[in-house]
Amino acid sequence: MILRQVPDDKLATAFFQRDYHDRGMLKWGGFYLSDHTSALAKMHAAEQVETPRPQQPLPELSRALAAAWRSQRPVHLQLNVCDDNQVLTTVDGVIAGVDADQIVVRLASGEYRDLQLTEIRCLL
């Protein structure tokens, strides 16, 4: 038996014409599905509404904020302010400064936010 060597281009062309069936955009479905599901998970996590906590008494809140400022630990504050969807606003960050009735919170973005003690509902 004699084997003939076929040029690579002809072999490839014959394979794609005869044997290979392109699935079109279906082959990209796995990539889309993975990215899509992770984006949906992030979106749903952001949509979860935090239940309103009871208002902490001002002396207790002041002591907790002062302790967080001294230890420089991250805090999660629930404010008495509602957003456009009537959901209580939350602030996450580190207490950067404390003054009589005002605190300064350094956010994760590096920005600073001034808050009045009366705006804070509770420290979590």
Side-chain angles (χ1 to χ4, degrees):
M1 169 165 42
I2 300 174
L3 294 175
R4 288 183 293 140
Q5 185 171 358
V6 179
D8 290 338
D9 291 339
K10 287 183 182 180
L11 182 65
T13 303
F15 170 75
F16 283 113
Q17 287 176 350
R18 218 181 25 233
D19 301 320
Y20 179 73
H21 301 286
D22 187 12
R23 295 173 46 201
M25 289 303 293
L26 288 175
K27 63 185 170 191
W28 298 102
F31 296 116
Y32 173 75
L33 185 61
S34 172
D35 292 343
H36 185 69
T37 53
S38 65
L40 280 176
K42 287 179 186 175
M43 184 179 76
H44 289 303
E47 287 179 355
Q48 290 179 349
V49 178
E50 189 173 294
T51 58
R53 301 286 182 120
Q55 177 75 42
Q56 277 184 319
L58 199 54
E60 179 185 329
L61 184 61
S62 296
R63 280 193 300 276
L65 288 169
W69 175 63
R70 283 191 298 274
S71 65
Q72 289 294 299
R73 67 176 172 84
V75 294
H76 178 76
L77 303 172
Q78 193 175 67
L79 306 182
N80 286 321
V81 180
C82 291
D83 64 7
D84 295 336
N85 297 325
Q86 300 302 313
V87 176
L88 289 173
T89 305
T90 59
V91 175
D92 294 311
V94 176
I95 307 297
V98 178
D99 194 18
D101 63 344
Q102 187 173 2
I103 64 164
V104 179
V105 179
R106 185 177 65 242
L107 307 174
S109 63
E111 298 176 11
Y112 290 88
R113 180 164 177 186
D114 297 331
L115 296 170
Q116 297 293 324
L117 276 179
T118 55
E119 288 180 274
I120 301 171
R121 182 179 195 85
C122 66
L123 171 71
L124 304 173

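Computation of the quantities below employed the complete heavy-atom set of this structure, encompassing side-chain atoms and omitting hydrogens, waters and symmetry-equivalent molecules. One-based numbering along the sequence shown.
- A single hydrophobic cluster is not seen to contain both Leu88 and Leu117; linkage of ILVMFWY side chains at heavy-atom distances under 4.5 Å, directly or through other members, places them apart.
- A distance-only check finds a donor-acceptor pair linking the side chain of Glu119 to the backbone of Gln116 [under 3.5 Å].
- Val94 and Val105 fall into different hydrophobic clusters, defined by Ile, Leu, Val, Met, Phe, Trp and Tyr side-chain heavy atoms under 4.5 Å apart, directly or through other members.
- Closest of all the heavy-atom pairs between Val104 and Tyr112 is CG1-CD2, 3.7 Å.
- Side-chain atoms of Gln56 and Gln78, non-hydrogen and from C-beta on, never get closer than 4.5 Å to each other.
- Cys122 and Pro54 make their closest contact through CB-O, 3.8 Å (heavy atoms, listed as atom of the first residue, atom of the second, distance).
- When atom types are taken as modelled, the side chain of Asn80 and the backbone of Thr118 share a donor-acceptor pair closer than 3.5 angstrom.
- Residue Glu111 places its CD atom among 12 or fewer non-hydrogen atoms of other residues, nucleotides or ligands, all under 6.0 Å distant.
- With hydrogens and angles ignored, the 3.5 Å screen pairs a side-chain donor or acceptor of Thr89 with a backbone N or O of Val81.
- Nearest heavy-atom pair across Leu123 and Ala64 is CD2-CB, 3.3 Å.
- For the side chain to side chain contact (heavy atoms under 4.5 Å, CB included) test with Leu77, the passing option among Leu124, Leu65, Thr90 is Leu65; the others fail.
- Listed for the Arg121 side chain is a donor-acceptor partner under 3.5 Å among the backbone atoms of Arg53.
- No side-chain heavy atom of Phe15 sits less than 4.5 Å from a side-chain heavy atom of Arg18.
- Judged by distance alone, the side chain of Gln72 and the main-chain N or O of Ile95 form a donor-acceptor pair under 3.5 Å.
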